[in-house]
2 protein chains.
Amino acid sequence: MTLSEINSWQTIKAEVMRRIVERVWLPGDQIPNEVDLAEEFGCARATVNRALREVAEAGLVERRRKAGTRVALNPTRKATLEIPITRLEVEQRGWRWRHVILEREETLPPAVVTTRLGLSDKIPMLHVRTLHYADNSPFLYEDRWVNISAIEAIRSVNFQSIDANEWLVQNAPFTRGDITFSAANATELEAELLEAKKGAAIFVIDRTTWNGDIPVTLVRLAYAPGYRVHTEL
Amino acid sequence: MTLSEINSWQTIKAEVMRRIVERVWLPGDQIPNEVDLAEEFGCARATVNRALREVAEAGLVERRRKAGTRVALNPTRKATLEIPITRLEVEQRGWRWRHVILEREETLPPAVVTTRLGLSDKIPMLHVRTLHYADNSPFLYEDRWVNISAIEAIRSVNFQSIDANEWLVQNAPFTRGDITFSAANATELEAELLEAKKGAAIFVIDRTTWNGDIPVTLVRLAYAPGYRVHTEL
DNA sequence: GAGTGGTCTAGACCACGCC
DNA sequence: GCGTGGTCTAGACCACTCC
């Protein structure tokens, strides 16, 4: 701890959070404005601003111009999930990763795919189905549709040594995407591939990504039973 | 758009992201330092710093003192989930929320609970089991253990009009917590309560919270089939 | 109208970490 | 050592929004 940290924004953030947690400032209360807090803490207003901005991002206070800063009534906590590349996810758990391409074909997508992406169903897309292994156990069944016109280069990629997810992450950055987590009973196919019983509860991630307004890829990830996503609050 | 926004940190952030997405700067590349970028954009270094800090938080670049700022090789995207109060979650979907207390008892917790919380199994905890409804359909089965010694006030709360989750959010702020998402097959009890078939795939959230080093609550949320968590990337 | 947060500036010192 | 990002300052103007 150096002297400069005494009035660092982290210190102020921690003190503000302490006052909220310990009920010095009650839910709904307006807290002192930035100028007053800067005076109290003996620092510049910008430092207080940085601290309060972070507290607001954490969901503990709400800030509005003129209305000031208030302790949130319903502190909606935010959980941040990192969406890793499957290979790294497997390796970080200490297993060996490998994958098998089940299908890789340029074909006309079904309506459910084109609808979600807002594309014509008359344009062929690349359909890649992959099974990922952790050591020798099935880990993840990936069913992916790629908009070829968005990334011509993918046509010439051989996915034997690198998987589609990883290649796309490195070669087709996207500007926005959405992601849905759900639970599903394993279909017969999924059960067979994941070496589970039919109907077993499967954790499913559906993800769609766009580059600007151009859809890039839509993927459904069906994880083997027992998969969990964990994060800190 | 005012003049001041031309060189705002948002503009710079967008431009930096554009250069990464459009491959002006390649993965692994070191990008110009803050002083040079400030000169290029005609702004103060602090403004560039703010922009680059946000790009780094988004996972697109990695920053290290002396080593500079590099475009990430494996851009690990981060998804932020808001963890709402169940009542609000139901109401936001346009349904009417109500809940039924199935059990509310001070009792000795099972070992699995005390182990996770690092508590002695000889201390009674408050066990609250609740069924939440959306309109008249079961929505969520909540099985919660509360560390009474952490929040004495909970003893005297009647949960008929407010539910435990909501009361705790408003009255027992925590400093840290962890959360796990998984899928499970409905047990016989869960199936009955949630009006689902036994074995149906259930989305499960396990959450534990602490206030400093004091465990506050441990809860398992089992959602009715069809529940999904959605967010933008 | 006026109070509050949001942002920008120009400068400064410091911490880290590569060499 | 020294280049880079991390942070702080003092001041300024602006944008929003409540009154």
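Lettering of chains follows the sequences in order, A, B, ..., and the numbering in each one begins at 1. Nothing here was measured: the structure is a model prediction, and the numbers come from that model.
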Check the distance between [N]'s [atom2] and [X]'s [atom1] and give it to me in whole angstrom.
X     : N      : atom1 : atom2 : result
B:K13 : C:dC8  : NZ    : C1'   : 18 Å
B:L37 : D:dG6  : CG    : P     : 13 Å
A:E62 : C:dT4  : CD    : C1'   : 16 Å
B:E57 : D:dG5  : CD    : P     : 16 Å
B:Q10 : D:dC14 : CD    : C1'   : 14 Å
B:R53 : D:dG5  : CZ    : P     : 14 Å
B:D36 : D:dG5  : CG    : C1'   : 13 Å
B:N49 : C:dC16 : CG    : P     : 16 Å

Taking the six-membered ring for Trp and the full ring for Phe, Tyr or His, determine whether the centres of A:Y227 and A:F203 are under 6.0 Å apart.
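Yes, ring centres under 6.0 Å apart.
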Nearest-nucleotide 5' precedence on DNA chain C, B:R45 against A:Q30:
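Going by which nucleotide is closer to the 5' end, it is A:Q30.
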Are B:E34 and B:R63 close enough for a salt bridge, meaning some N to O gap below 4.0 Å?
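Counted as a salt bridge, because a side-chain N and a carboxylate O are separated by less than 4.0 Å.
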Between B:E142 and B:R87, does any NZ, NE, NH1 or NH2 come within less than 4.0 Å of an OD or OE carboxylate oxygen?
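No, this pair does not count.
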Quick check for you: among [options], whose closest atom lies nearest to any side-chain atom of [X]?
X     : options               : value
B:T47 : C:dC8, C:dC18, D:dG5  : C:dC8
A:K66 : D:dA15, C:dG1, C:dG17 : C:dG1
A:W9  : D:dT7, C:dT7, D:dT17  : D:dT7
B:E34 : D:dG5, D:dC8, C:dC18  : D:dG5
B:T69 : C:dG5, D:dT17, D:dG5  : D:dG5

With DNA chain D as reference, determine whether A:C43 or B:N33 sits nearer its 5' end, using the nearest nucleotide of each.
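Its nucleotide being nearer the 5' end, the pick is B:N33.
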I want to check a possible cation-pi pair here: B:R207 against B:F181, using under 6.0 Å from ring centre and within 45° of the ring axis as the test.
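Because its charged atom misses either the 6.0 Å distance or the 45° angle limit, B:R207 does not stack over B:F181.
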A:R116 versus A:T208, side-chain donor and acceptor atoms under 3.5 Å
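Distance-only check passes for A:T208 and A:R116.
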Tell me whether the side-chain N/O atoms of [X] come closer than 4.0 Å to OP1 or OP2 in [N].
X     : N      : result
A:R50 : D:dT7  : yes
B:R63 : D:dG6  : yes
B:R64 : C:dC18 : yes

